[in-house]
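Here is the structure we will look at, set down as structure tokens.
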Amino acid sequence: VVGRGSTFRFAVWLGRSAGLEQMAAGNLQAPASGLRILVAEHAPSSQFVIRIILEQLGHQAIIVENGADAVRAFERERFDLIIMDIQMPGMDGLSATKEIRSIEDERRAAGSRDIGVPIVGLTVFAQPIDRDQAFQCGMTEYLSKPVRFEDIQRLLAGPSLNLGGGAGNKTSTEYSSDEVSEKKIG
């Protein structure tokens, strides 16, 4: 009806998380809670799903819609983790990651003890070449869409991101963009 608006309702049926059972059995270490996570994702439905998952895990999700906005947010604020869609309009995730790694290198060259933030590539493409491109540009890890609760939970609990602290704690080791590429590809 014109001038009155609309109301939408939907239901989502979710099964029990296998990751929670593994964590209870001691197979996964619980990730730190309260992490500030920048999510660069252009699709509203993916933004919604990722935000809900991260909030359920006790983290704060800051959402931006493209790579250029992710770079600007990184320049202004400190994040414990960045989840970066690889295919976005405008500046894509690969270009944004290269820019962020370049900013980190400049800060270190100027004497900063800034710690490199882990960046997780996110894409619908799951071919080995896509994964290699993500690592070559400086991404720390890689997830395929559609993203599931267990995928993010496993990622945050795993050793590759070294997320021991939260809210800006120095939790990862310093590295240059060249070192990231060598570690993941070599």
Pairs touching [range] that satisfy salt bridge (charged side-chain N to carboxylate O under 4.0 Å, His left out), sequence neighbours left out:
range	value
residues 57-67	none
residues 54-63	R51-E55
residues 83-92	D85-K145

To the nearest 0.5 Å, what is the distance between [atom1] on [X] and [atom2] on [Y]?
X	Y	atom1	atom2	value
Q133	L94	CD	CG	6.0 Å
M88	T123	CE	OG1	10.5 Å
H59	L54	NE2	CG	6.5 Å
R148	Q153	CZ	CD	11.0 Å

Any heavy-atom pair between the side chains of [Y] and [X] that's under 4.5 Å?
X	Y	result
E141	L161	yes
I86	M139	yes
V120	L155	yes
L81	L156	yes

Worksheet item: Do L38 and I62 pass the side-chain contact (heavy atoms from CB on, under 4.5 Å) test, and can you show the C-alpha distance, the side-chain angles, and the key distance before you say yes or no?
Response: CA-CA 5 Å; L38 176 63; I62 296 86; 4.1 Å; yes
Worksheet item: Are the side chain of R36 and the backbone of R78 linked by a donor-acceptor contact shorter than 3.5 Å?
Response: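 Looks like yes, one N/O pair under 3.5 Å.
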Worksheet entry | Donor-acceptor contact present, side-chain E41 to main-chain A43, <3.5 Å |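 Yes: the side chain of E41 pairs with the backbone of A43.
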Discussion item. Test side-chain contact (heavy atoms from CB on, under 4.5 Å) on Q136 and K98; report intermediate values, then the result.
Written reply: CA-CA 9 Å; Q136 286 173 355; K98 289 177 187 176; over 6 Å; no
Worksheet item: Can you check side-chain contact (heavy atoms from CB on, under 4.5 Å) on M84 and L122, steps first, answer last?
Response: CA-CA 6 Å; M84 181 84 70; L122 187 62; over 6 Å; no
Worksheet item: Taking all atoms of both residues into account, what is the closest heavy-atom pair of V117 and F79, and its distance?
Response: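 So the minimum-distance heavy-atom pair works out to CG2-O, 3.4 Å.
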Item to complete: With sequence neighbours excluded, tell me which residues meet side chain to side chain donor-acceptor pair (under 3.5 Å) with S46.
Response: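 Listed in chain order: nothing, the list is empty.
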Fill in: H42 and N66: CA distance, side-chain angles, deciding distance, side-chain contact (heavy atoms from CB on, under 4.5 Å) verdict
CA-CA 6 Å; H42 70 283; N66 59 57; 5.9 Å; no
Fill in: Residue pair E104, R101: steps toward the salt bridge (charged side-chain N to carboxylate O under 4.0 Å, His left out) verdict
CA-CA 5 Å; E104 289 174 333; R101 295 300 184 217; 2.9 Å; yes
Worksheet item: Which residues, ordered by chain and number, are linked to F125 in its hydrophobic cluster, where ILVMFWY side chains connect at heavy-atom gaps below 4.5 Å, directly or through other members?
Response: V124
Discussion item. For V71, give me all partners under side-chain contact (heavy atoms from CB on, under 4.5 Å), at least two apart in sequence or on another chain.
Written reply: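 Once residues adjacent in sequence are excluded, the partners of V71 under the side-chain contact (heavy atoms from CB on, under 4.5 Å) criterion are E75, M91, A96, E99, I100, I103.
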Worksheet item: Among all residues two or more places apart in sequence or in another chain, which pass the side-chain contact (heavy atoms from CB on, under 4.5 Å) test with E106?
Response: S102
